[in-house]
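Contents: one structure, followed by commentary.
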Protein chains: 2
Amino acid sequence: MSFTITTANVNGLRAASGKGYVEWLTATSADVICLQEVRAEPLQLAEHVREPEGWHTLWAPSTAAKGRAGVAVLTRQEPLARRVGFGSAEFDTTGRYAEVDLPGLTVASLYLPSGEVDTPRQEEKERFMAEFLEYLKSLRKRAEEAGREVVVCGDWNIAHREVDLKNWRTNQKNAGFLPEERAWLGRVLDEAGYVDVVRRLHPEGPGPYSWWSYRGRAFDNDAGWRIDYIMTTPGLAAKSLAAHVERAPSHPERWSDHAPVTAVFDDLG
Amino acid sequence: MSFTITTANVNGLRAASGKGYVEWLTATSADVICLQEVRAEPLQLAEHVREPEGWHTLWAPSTAAKGRAGVAVLTRQEPLARRVGFGSAEFDTTGRYAEVDLPGLTVASLYLPSGEVDTPRQEEKERFMAEFLEYLKSLRKRAEEAGREVVVCGDWNIAHREVDLKNWRTNQKNAGFLPEERAWLGRVLDEAGYVDVVRRLHPEGPGPYSWWSYRGRAFDNDAGWRIDYIMTTPGLAAKSLAAHVERAPSHPERWSDHAPVTAVFDDLG
DNA sequence: CCTAGAACG
DNA sequence: CGTTATAGG
């Protein structure tokens, strides 16, 4: 038995649902799906999207700003627990983090702020990063003590290394590839002790990219970024068998500017 | 020889241009066209819309608020003069009035504020009405002295009488059919001395309506309003031969929530 | 219901 | 370039 987890930034689930998301969900064989940028409250979603047959759902919309952010976790199994937020006074109502417990495993969906240099939104991103890193450490520690594994997946809005985006040279002063952001992602790995599973299984770059701007010809030119990550505790990473990015072949198939990122693990037993 | 003038609220000329306005303009035999709610600056329009072959144009966008209001006058003849605004400090930059001089005739395009009861927008409408009535009087007087005729056409956003809207009873407290607005339109006729040419030629109602809300089934139920008028000086009205509203047969043909209103006059000679 | 700008990405 | 919320109608 294997266990498959997929993360996808849907860039507006109402729009995506009319462009192929529903068909994609019907066809997927994943056991767990983490969504980001749902950009809707559950009641704004069609029922077959809000409560898809065969899935349990946790919706965590932004209550701070309508139509922004919003994460979700879909599981075939009924979760033992559902939690929204990570204990942050500033961020728990902003639809950026939710987690569920399955037997022996905590699964989290993360949508880290995008940021924009020289704006308050970059400061917000930095505050999020500082606070969230501490949470990641405590999460890992608690899981270790309890003998549980953790997977935090989602849109981290940071490319880690040069190999993680096509135009790294021209983006060194742009949000998403700033030295301090890259260093922070290094601390998630080295200090908090998580493993970037896709990179573990695909040590060679470039890519695989998971996001292409809608602007210009980014998708056609494969001018992508790898900013969607599946980060796991080491014990879970050791059981990873395969990983891939579902790059849509062309526009009619593309229902988001991000592509779903998937990892397969050996029986969690 | 006859002379034909049409007025049309286009509800966004960029949108209308993709839905049938261009074909309509190509097919029309009018000599003069007054447009309202252009909702674009000239440079935002495609060139064949901004400078249609065979037409001279006067564009008067709102510079006070982008994407709002905006009137235009299109003439087959080159105008002797073009003017934007009516001498109002408050309204001349809001894209609500423009006029051109043709030999012996001044043609104006008007987009009167829509208003909404118990809001500042109703007060704005009232200020506009007060100021504009005085202008209409002076315009008429100057024209009379110079032996010229005047036609002021456009969206006046007021239904004059019960016969001018289908649901008059339920709209007596709504902007567009308030007693004071109806009385004001009466003063345009009685005090300023203009003639409602469509009503002159069609003394019997109901209608002809020129606007149907996009909401609900207003168009299919013919729940319309007559709020687009062709108002002329008496000498010109005496030469009116025919008038009609181009109610679109159905949705694919409908490029605005308003229908073009046309009047035909005997040779102005 | 529809148009258009604006924020955000 | 695309999604969404909002103003205006």
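Numbered from 1 within each chain, the chains take letters A, B, ... in sequence-line order. Computed from heavy atoms alone, side chains included, the values below leave out hydrogens, waters and symmetry copies.
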I want to verify a distance call: between dC8(C), dC1(C), dT6(D), whose nearest atom is closest to the Tyr214(B) side chain?
dC1(C)

Separation of dA7(C) atom P from Glu124(A) atom CD, nearest Å, is 16 Å

Taking CG from Asn9(B) and P from dT3(C), how many angstroms apart are they, rounded to a whole number?
13 Å

Closest approach to the side chain of Arg39(A), judged atom by atom: which nucleotide of dT3(C), dT3(D), dT6(D) is it?
dT3(D)

NA contact type, Glu37(A), heavy-atom cut-off 4.0 Å: base, sugar-phosphate, or nothing?
sugar-phosphate

How long is the straight-line distance from CE of Met129(A) back to CD of Glu180(A), given to the nearest 0.5 Å?
7.5 Å

Round to the nearest Å and state the distance from Lys66(B) atom NZ to dA6(C) atom P.
5 Å

Among residues at least two apart in sequence or on other chains, which ones pass side chain to side chain donor-acceptor pair (under 3.5 Å) with Glu246(A)?
Trp24(A)

Rounding to a whole Å, what distance do you find between Asn157(B):CG and dG8(D):C1'?
11 Å

With DNA chain D as reference, determine whether Leu13(A) or Ser213(A) sits nearer its 5' end, using the nearest nucleotide of each.
Ser213(A)

Calculate the interatomic distance between Phe219(B) atom CZ and dC2(C) atom P; express it in whole Å.
12 Å

Nearest to the side chain of Arg121(B) - dG9(D), dT6(D), dG2(D)?
dG9(D)

Whole angstrom is fine here: how far is it from CD in Gln36(A) over to P in dT3(D)?
18 Å

Looking at Gly67(A), is its backbone amide N or carbonyl O close enough to the side chain of Arg39(A) to form a donor-acceptor pair, meaning the two atoms are under 3.5 Å apart?
yes

Closest to the side chain of Arg14(B), out of dA4(C), dC2(C), dG8(D), is dA4(C)

Listed nucleotide nearest any side-chain atom of Arg215(A), set dC1(D), dG9(D), dT3(D):
dC1(D)

With the side chain defined as heavy atoms from C-beta on, Tyr111(B) is closest, among dT3(D), dG9(D), dA4(C), to dG9(D)

Does OP1 or OP2 of dT3(D) have a side-chain N or O of Lys19(A) closer than 4.0 Å?
yes

What's the CG-P distance between Asp220(A) and dC1(D), to the nearest Å?
12 Å

Under 3.5 Å: donor-acceptor pair, side chain of Asn11(A), backbone of Asp257(A):
no

Could you list the residues that satisfy side chain to side chain donor-acceptor pair (under 3.5 Å) with Glu90(A), not counting sequence neighbours?
Arg127(A)

Using whole Å, report how far CZ of Arg68(A) lies from C1' of dC8(C).
6 Å

